[in-house]
Every structure is written in C-alpha cells, then in structure tokens.
Number of protein chains: 2
Amino acid sequence: MKDRIRNSMLMEKIITAEEAAELIKDGMTVATSGFTPSGYPKAVPMALAKRVREKNENIKINLITGATVGDELDGELSRAGIINKRLPYQTNKSIQESINRGDMEFVDQHLSHVAQNINYNFIEKIDIGIIEAVEITEEGYIIPSTSVGISPTIAQKAERIIVEINTSQPLELKGIHDIFTLENPPHRKPIPIIHCSDRIGTEYIPLDKNKIAGIVITDIIDNTRPLSPVKDIHKRMAEILMEFLEFEIKKDRIPKELLPLQSGVGSIANAVLAGFLDSKYENLQFYTEVVQDSIIDLIDRGKVCCASTTAITPSPEYLKRIYENISEYKKRIILRPQEVSNNPEVIRRLGVIAMNTAIEVDIYGNVNSSNVLGGNMMNGIGGSGDFARNAYISIFFTESTRKNGNISTIVPMVSHHDHTEHDVDIIITEQGIADLRGLSPKERALRIIENCTHPDYKPQIKEYFSLALKRKGGMHIPILLDKALSWHYRLDIYETMKE
Amino acid sequence: MKDRIRNSMLMEKIITAEEAAELIKDGMTVATSGFTPSGYPKAVPMALAKRVREKNENIKINLITGATVGDELDGELSRAGIINKRLPYQTNKSIQESINRGDMEFVDQHLSHVAQNINYNFIEKIDIGIIEAVEITEEGYIIPSTSVGISPTIAQKAERIIVEINTSQPLELKGIHDIFTLENPPHRKPIPIIHCSDRIGTEYIPLDKNKIAGIVITDIIDNTRPLSPVKDIHKRMAEILMEFLEFEIKKDRIPKELLPLQSGVGSIANAVLAGFLDSKYENLQFYTEVVQDSIIDLIDRGKVCCASTTAITPSPEYLKRIYENISEYKKRIILRPQEVSNNPEVIRRLGVIAMNTAIEVDIYGNVNSSNVLGGNMMNGIGGSGDFARNAYISIFFTESTRKNGNISTIVPMVSHHDHTEHDVDIIITEQGIADLRGLSPKERALRIIENCTHPDYKPQIKEYFSLALKRKGGMHIPILLDKALSWHYRLDIYETMKE
C-alpha cells in the first residue's frame, strides 16, 4: 500500500468501508467523484446501503456527482431509499424508477454548471466528499482514477473527505490528468487552452490532508456498460455524417483537417464515431466529455492526435485493453475537470463540432434530450447543452422511429425542450440530413419533414404542417395549440403515435 | 467634411443616397451596422425604398443587422416589400407585421452567434455592407457611431461597403469604441477581458478602403425610442431585486460590491435599473449589450465605474444629454462588437448578473421571450440566451398579468421555449420572487405558483398542478399533455386565459 498512500501519517487513516459509511448521517449532502460510470466510489456506498437495509434505518441524503455513476452507488443507494435529492445527471435504472415514481427529487443541470453552483454556494453545503483515487501523494494530494468530474471542487469545498483507494485502477493512470480549477468571479482568469492537447494544470488534485476523514481500500472494478452492437441504421447515420463533413469542407465551411470533435454518450454516438475509422481523416482531435470504445479504436488505428475529456468510459472489454497499454493511451488522452472539459469558453474558442443524441426533434428544430412524454426523466441534459450552444456546428442524431415504429422521433412539437431552435444546426436520422443553418422556422419544417422523417409518418406530419399553415400560416411559427402535443397524448393512451 | 473624411482620395467617393441605393440589386444580401436602434444607416435604405415604391420595382434582398434598427431601415424596407429574409432580431412594427403575415422569412439567432455565422460562411455571402460612421480615417478605417454590433465583421466580409457619414453623430464619439475581432477556429485565442473596463482593441474598424463603393453624407438622427414611464409594479420589481441582492450578499453568495450587471432592452429593464439609483451600491459595473436611460442616470449620479456595451440606446431626450457631454460619458462607456459584448467566454468569466424580461414563464421554470401564442414573433431571443446561460445568476422579470388581466404570464407550459429550466435561476414578478436554484421541477412549481402568480390566476394554476400531480405525479415533470397548452388555446379563441 506504500505506493498507493505515499504519506506514512495518512496510513493511519485507513478504515473499513463500514467505518467510513458510519460518517454519513441523515440529512447530509454527499458529493462524490465519478462521471459516466467511471472513477466513482464503490465500497463506501455499498457498505452504507447494506447497513441501512440491515438495520432498517431511515436516513436520507442529497447526492451530487459529476455525472453518471455505477450501480454500486446510484443503484444501491436508491434501492435502499436513501436518496432525498440527486443531481446533476444519472443513467441508472433503479434511480430512474425512483425519480419517475416521485420518490426522489432530481435536479437536471448543465454539467459545466455543477462545480460553479457548488463554489457559488448555490446548492447545499457538502458535508462529506468521497473521491476514488489511484494514489495519495506525499503531500496528501489525490491522483484520481478514470474520471475527474467535479472532484477538484469536492476536494476544495467538502467539510470532510473520504478517499477510496481503488487498487483495480492502475497506478500508471498518474500523469493522464490535468487539474485546473476556476476562481470565482471577479477573480476568474481566461482558461489558457488554445489546442485540445494543452496541459494547463497539475497531475493531482490539491487537498488539505487534514480534511481526510478516512481512507478505504477497495478493488472493485469500474462497472462500465457494454455498448449495443452497431446497427445498420447507425452505420447509415455515420455515412451521412461523413458525406456532410466532406461537403462542408468543399464549401469552405470547415477546415479540411476538421475541427475538434465532441460526441455524446451511448451506442449511437459510439457507432457514429466508428464511421471515422475508415475515413480519410488523420490527426483527429477530440474535445469532449467521454472517451468511449470508438475513440480507443481510433487511437489504436493511429488516427487521433489528442482526446481531451473528463472521463474514460469504455465497455468492460475495452477497459481491459486500456489498462494493458495505459502508457500508450496516456500520450493521447487528457482527463480534465468537467468545468474545463465542458466550458463554453473553450468549446467556442476551439470550434468544436458537437454531436449529440436526441430523444425527439420537432419540425421547427427544437430538441428533447431528457424527458419521455414530456416528463419521464431518462438521464438528463448532461453536457449536450454546453456543447450544442457553443459548437462550431451543432449536430443531433436520432433514429427516425422507436418502439417498433410506434414512436416517431420527428414530432409537431417536442414534449420537453432542452435545446431550442437557436442551438440546433443539423439533424441526422437514418432517413437523411436536415441542415437548418440560416433557415426560418417554416423553411426548417419543410426540410426536416422531407429529409428526416420516417416514410410511415411522413403523410401524418405533412398533414399537421399543412393544417398549421392553413390555419396559422401567417404566424412566424405556425403552431396548432390544440394539436401540437396530440401525438404524445395518443402515445400515452394508445401506445402509438400513429393515427 | 475634411474632419469627417480624412483621406482626400476618399472624398471622391462621395455619392448621393440615391446613387448608393442603385448599387443594391435584386437577390443581394445586405448587412448593416445598427443595434437597438442606434448607429444604423438611414439615408441609403430610405432612398432605396423610395425608388422601389416610385418605380414599382420588384426586388427582394436579405437583410442582416447587429440587432434592432430604426424605422428608416426596417420600417421603410418592409413596407416597400423589399425584404425576403431578415436576421437576427428586430423590433419594428411594420417588420413584425410582415413576419407574422408570412410575407418575410425571419431567422431568430443568439446575438453572439451572428458574426461567427457570417465568418464561418454559414449564411448568405454579403454583397453590400452599409455602415454608419462618424469619421473615415486617413487609412480608410471607420469610426463607427452609437453602436458597433457586427460592423467589424461586415467590414471584413462584405464584397463592397457603403459608408454613411452621419454628421448628427458627434465626432467626439471617437475613442469610445474598442474593436476586437475573433479569428475563426482553430486560430482563435482567448478574449483578454478580465475586467469590464479592459480595452483590448482599436478605436477604429479596420477596412480595406478599396472596398468602399461610396460614401453618403447624412444628418438624420438616431430614431431611438422613448421609454414608457416607470410604473408602480415595475418599481415593486426593482424593490424585490434590491432585497434579493442584499439577501444574497448576506448569505455570502454574491460579493458585497456586486458583480457586473447585464440588463435587457425595454421599459421594465430600464425601470428595474432605476432601482439602483437610491441604493447603497457604488462603482457599479455593467457588462451588457445596451445602455439605456437608467445607466445614464446612474453615471450622472457617480455610481458607475464602467459600462461595457455594444450600443448606446437612450430615449431621444437622453441622447441629447449624451451628445452634450460626450467626453464625460466616454470615460465610463465602452462600445464593443457584439461577438465580444455577448460572448459566453467573457460573460461566464466575469460572473455577470443577468436580468432579462420574459413574455411568459411556466411553472417548471421555462421562459418564452420571443413568440406570443407559440408563434407570433415579437422581437426575437436577442442576447438574452447569451447572458442567461452564462450568467452568475440568471434573473427573469415579467408582470404577472397582461392585457387587463386576460393573460397570465405564469402558465402550465410556455407556448414557445427560449430559455429552458436549466438556464433560469430567479423569476421576479410584482407579486414576488421565486428562487429556483437547486430545486427539482416539482419544487420549482410550488415556489413559482406561490410567489409569482397573480391572485386572479392562483386558484386556476393550483388546480392544473394538483391535477397533474394526481394523474402524473410519478413523473419527474408532471405534465398533462392534453391541457398544458390549453390556456393559450383559450386565449386564442376567447381572448382570455381565464376559465
């Protein structure tokens, strides 16, 4: 353990997960490391859930993380009924059920806002922070593991800190991180990143070691998610993207070596990035919040010069691959705090091409990326708003139908708005692409209906738009107030959007 | 004229407004100076409209400006039926009628996006640029007048430039501007503003003088708008804001000397700022897009250390006051390009307190700032999104009712979404304040209903929310898909939202 805890005084702070869990009391706000289930604490939350279940305790805590964490944390605590309020993002099935049963309050936030909301004292004071680490340095500083997220802010702001040293996370991760925190206004300075590969901070998270309340040793591996196999329609979307990029370069709208890419979380995003594997593009740059399998493949193929991110989120199989050759990946990957990876300042400056996935899109170009049927929370907005609003070009992908064709993802009006017409440049479905730049709402509608809608829904959406034009054609955005949400209402009652 | 056109060769380029207007042909895209009707060209568009009317010509152009321009441009051209497409913002009655009759396409954009959309070649190539100036320097550079807007970008990107030298604009405006343009990615650098008062550019807009197609001399004054008298309910909103700021300082959430302020356009915004006149705050800083009357009053009272903006937009009376004492105001006011005044990078870095006006707000915290009844365009989103998303605190003001109480501005669901739940921290009506930070949707609804709704609508909105909870209480955001827009539907048919 000496190579994991380099300060001998701190060795005395080693405690069991159960002892650490005892520090967590009813009413506390707990903030943890972790982003898109990587680098989150595992042993302490499991011990806490176990105790609560066994003793039938009635405690409630608020839980703040960087973004998604694994089932050992979100799943265990929500099933044990311990979470009162959760923010800012989640993907766990158990926690989603709790949120949509009304058992838990969930606050959905732009991921670039989380650290500053803590720093500005806008959300609850953090009583306990739990940070997964690969090492604690001589000075008591923390070398985080596979994500950074909001850990530097937790280290600064939490009353007390529990460190989970995870021996399944290789020590060789040291050096992959670039920790830079932002001062509060009026003392904030420019973030000096002008290339994705710029390192501007330290390899460690500074921490006052007196705040360490306990160190827990564990070897539970990151419970990352396997990705669905690449579907043909996703391949089609990737092809459409490649054609689009080539066209844009020809039109002198994108430099021929491209610009830094961002890609969201999940199977579609991963499949789309796989489209770059056999492309002509070399020296790809990523300025993104997650590194999924495709980026690893692209690195292996020698196509990536730099991937700046706040988390490595490979499938279990790819995680092994990374661990086996970490020193090579370290040359290409930089892990930053999410207030830097997702910062509008850097995203807009670098000119990031943003690629995110939509739940549904409407004919006027608004995007829902968080709530089904207007209010059933899936995961949250995540970083999509940080990137879409500030991107050089903001692209959204969605399959044109879901649930065996009972849902059209192109609708008269989205049932929940995450990205407005002002933030959406390009929509890609397996049917085609709609380039919305410089178009008025009516022009957008024509293009989205024509290019992106599934043939099964085309007559129905054309009928809505024709009627809207007929009744309300004078309006800037023709909308039928009594019918705009009728497709969702039908889906809710009859389980299909089809008329 | 020698002190207005300092290069004798350029003197030869003086032409009449009619001759300049001849350069504008069917199908062209014309971009002009002007922002919140200040500093826009007047003589040439009036000459163009006159010609088209007199000769019964059938021509159409696309018109791009910084933001609002005066009736001499938007009014004249839209009444003459010349405009095919207009972007990114407008407030003129004639043009609004054209847009909402479907006679004209309007593209509503974040004001920070306009210059880069031109630079990235995302919108039409600019055939002719028309820039109002107080002076053309020896080098052929332009000293703009009362606004900067997108003029530096027009100077760079337009094929040919017409300069309107406006002798009603005092030469003493020279020195008030700070022109700094952004490179396209991947060459963009940090914007080196760390205090509102930082000057980072030149006093002039660089221009290749060979591009000057003509110089027109005019003396038509900026057609700025008078503000409505301050109403009691606006005073009440200002009081609520003052109480809020004091509370935040006490809670250690805002520094006691405050942070830079932004305030939107219009009478409510102006009235709210007037609340600072008798406040204890000194050395106020503004990082904003418009300087209206209240800021002038605050400067006169010695309460402002710096007002960074892209336009001076006083009422006619206040404009005179500024002209009479321009050298004093120049010490406090800086006019920047809108890609700098509205840039997320600087807004987030400085920690701007953003104060904007909403058309309506819903119980979950979404804001409509552009379209009445879901699609009748008022002015556009303007800069409100640039500021709200990146603010330290994002505040929205609205009167709780309009149209003699027939409209409640607090509704079950906004009929158009400009600012989502993720971007709205505080809502203030004359009824009270709802602080939404760190709240889940259901918690937000309770607070907005209780604190901000007009008593006449409180039972009705409570009934909606109760029913939503009863039927859909399990949802993260309880929404009744068949009733969410029913208030607007009722208003559309029966001219009242009242049941």
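All chains are named by letter (A, B, ...) in the order of the sequence lines, taking the proteins before the strands, and each is independently numbered beginning at 1. Owing to the predicted nature of the structure, the values given are computational and were not obtained by experimental measurement.
- B:P190 places a side-chain heavy atom less than 4.5 Å from the side chain of A:I194.
- Taking both residues in full, the closest heavy atoms of B:I479 and A:L373 are given as CG2-O, 3.8 Å, listed atom of the first, atom of the second, then distance.
- When side chains are defined from C-beta on, A:K85 counts as touching B:L439, because their heavy atoms get closer than 4.5 Å.
- Using a 4.5 Å cut-off between heavy atoms, B:V372 contacts chain A through its backbone alone, with no side-chain atom that close.
- If you measure heavy-atom distances from B:N376 to chain A, the contacts under 4.5 Å come from both the backbone and the side chain.
- Side-chain atoms of B:K251 do not come within 3.5 Å of backbone N or O of A:N121 as any donor-acceptor pair.
- The two residues A:R253 and B:Y120 have their closest heavy-atom pair at CG-O, 3.6 Å.
- Put simply, the side chain of A:P186 reaches to within 4.5 Å of the side chain of B:P255, judged on heavy atoms.
- Between the side chains of B:S112 and A:R348, at least one donor N or O lies within less than 3.5 Å of an accepting N or O.
- Nearest heavy atoms, A:L481 versus B:S415: CD2-CB, 4.4 Å.
- In this structure, NE2 in B:H422 is found 10.5 Å from CG in A:D386, a value given to the nearest 0.5 Å.
- Between B:R188 and A:L350, every side-chain heavy-atom pair lies at or beyond the 4.5 Å cut-off.
- One finds a salt bridge joining A:K472 and B:D492 here, because a Lys/Arg side-chain nitrogen approaches an Asp/Glu carboxylate oxygen to under 4.0 Å.
- Between A:L485 and B:M413 the shortest side-chain heavy-atom distance falls below 4.5 Å.
- The shortest side-chain heavy-atom distance between B:E345 and A:R349 falls under the 4.5 Å cut-off.
- Of all non-hydrogen atoms in A:R389 and B:H113, the two that sit nearest each other are O-NE2, 3.0 Å.
- Neither the backbone nor the side chain of B:L469 comes within less than 4.5 Å of any heavy atom in chain A.
- Between A:S440 and B:F106, the closest heavy-atom pair is CB-O, 3.5 Å.
- When all heavy atoms of A:N390 and B:P344 are compared, the closest pair comes out as OD1-CG, 3.5 Å.
- Per-residue counts of heavy-atom pairs under 4.5 Å with chain B were compared for A:H417, A:E105, A:R437, A:M377; the largest is that of A:H417.
- A:D108 and B:H476 are not linked by any side-chain donor-acceptor pair at a separation below 3.5 angstrom, with hydrogens and angles left out of the test.
- Per-residue heavy-atom pair counts under 4.5 Å with chain B were compared for A:I381, A:L259, A:D425, and the maximum is reached by A:I381.
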